Amino acid sequence: MLIPKGRGALSDTVFELMRTDASSFAPALRTLADHDEDLHITLWALYELHYRGFEDVSDDLEWHPELMDLRRSLENTFEQTLRDRCDESAPEGDFAEAMFAAVADHDGPSLAAFIHREATAEQALELLRMRSIYHLKESDPTTWVIPRLPNTTKAALMELQFDEYGCGDPNRLHAGLFARGMNRSGLRSEYGAYIDDVPLEVLEQNNAMSLFGLHRRLRGAALGHLAAFEITSSIPSRKMAQGLSRLGLPAEMIGYYDEHVEADAVHEQLAVRTICGSLVEEEPGLRDDIFFGVFSCLDLEDRFANRLLAEWAA
Amino acid sequence: MIDGDAAPQQPDIILCPGGPMLLRGDHVVQSPDGTSARTTRPVSAVCRCGKSASQPWCDGTHKVIPRKDLP
Ligand code: FES
Ligand SMILES: [Fe+2]
Ligand SMILES: [Fe+2]
């Protein structure tokens, strides 16, 4: 993947310095983001240095101190925004019940329901392109969390991640299933291929997962986010599968969603009971952050769905 | 639990209140209609509410059926 296109003064400056392997990023540190999209494409690219990197950027930049400074300042702004949006406090009572209830009681727009009954094939393909930013690195942001956990939670998370990563079989790896589905649907399946096309809301979703995953301090939020993601997957995945088959998309793409109907019916139970459940037992102080992660996941998806449904309705 | 202590024994089966039965390991599970399916993942969720469209596996449907009908 090549470094994305800049979307404003900050990303233009940073990306140009990255590409030319500049020795100093001082000009970038003096530049303010023009708007949220400028901030988030910059942050996304800085995170990407820790995943697969860019062909046109030196691998040495991954831990460049000035880029770390820049990343930290963008992250502070973003984390504050996420916390300001999360007005709800963690619900009381039995943890698993409270968590399933918090997600069930949340009322948001559903892209899956729209794909199920109303979307055109073109709209479905547009959604797949946007989802590809995450699904082509599915589960990777959560993997950062593993070494930061107590043993019980670590073992429980590995049980889930092992399934996401295909149980040792690369052909079953979820990101690989999605890539094959993209290919067969006539879409580009290379990692990050559509980054220049995705709106702010998709960048925010992806950056939130990296933010939570890369900071040990935010491990509670990372696993709360994981749980909310899994809880909101099985039933919507069924709708996606039926919608895509209504539109005549290839079996491989439908198969990705079929797999998630079953897999995530397991994963939601594991995420809530054995993963977050053991974490909150061992580190009760993380309960609020776990629910912060839950809320952020639901809220970020609402923002994306609202944006796309409004565009499609226009 | 302190990381140095032994964890309580890992259950092979977890009954989820109002939801599926989690089953660890490799098993063949027979559906109510008599057909059998083999597990394919480290942990599988066997439907206990009877309403899943993916029998014998849970597909999350238990979350949308009335509480009184739940296992
Ligand atoms: S127990 Fe989940 S669908 Fe029946
Ligand atoms: Fe998955
Ligand atoms: Fe999953």
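This structure is a prediction, so every number in the text was calculated from the model and none was measured. So you know, we letter chains A, B, ... as the sequences are listed, proteins then strands, and number each from 1.
Of the two parts of A/S237, neither the backbone nor the side chain holds a non-hydrogen atom closer than 4.5 Å to a non-hydrogen atom of chain B. When heavy atoms are compared at a cutoff of 4.5 Å, B/S44 approaches chain A solely by way of its backbone atoms N, CA, C and O. In this structure, the portions of A/E259 lying under 4.5 Å from any heavy atom of chain B include both its backbone and its side chain. Heavy-atom distances place no part of A/L160 under 4.5 Å from chain B, backbone and side chain included.
A/R238 and B/T61 form no side-chain donor-acceptor contact under 3.5 Å, judged by distance and modelled atom types alone.
When each of B/A45, B/G19, B/G18 is checked for heavy-atom pairs under 4.5 Å with chain A, B/A45 comes out on top. Of the residues considered (A/A155, A/A263, A/C167), A/A263 shows the highest number of contacts with chain B, using heavy-atom pairs under 4.5 Å. Most heavy-atom pairs under 4.5 Å with chain A, from the set B/C47, B/P20, B/C16: that is B/C16.
Judged purely by atom type and a 3.5 angstrom limit, B/K63 has no side-chain atom pairing as donor or acceptor with the backbone of A/I235.
Between A/R172 atom CZ and B/T40 atom OG1 the span is 5.0 Å, to the nearest 0.5 Å. Note that the CZ atom of B/R41 and the CD atom of A/E159 stand 12.5 Å from one another [nearest 0.5 Å].
With a 6.0 Å radius and a threshold of 12 heavy atoms from other residues, nucleotides or ligands, A/R180 has its CZ atom above the threshold. Around CG of B/D33, the count of heavy atoms belonging to other residues, nucleotides or ligands within 6.0 Å exceeds 12. The 12-atom threshold is exceeded at CZ of A/R217, counting heavy atoms of other residues, nucleotides or ligands nearer than 6.0 Å.
Across A/A265 and B/G60, no two heavy atoms sit closer than the pair CB-N, 4.1 Å. Closest of all the heavy-atom pairs between A/D163 and B/P42 is OD1-CD, 3.8 Å.
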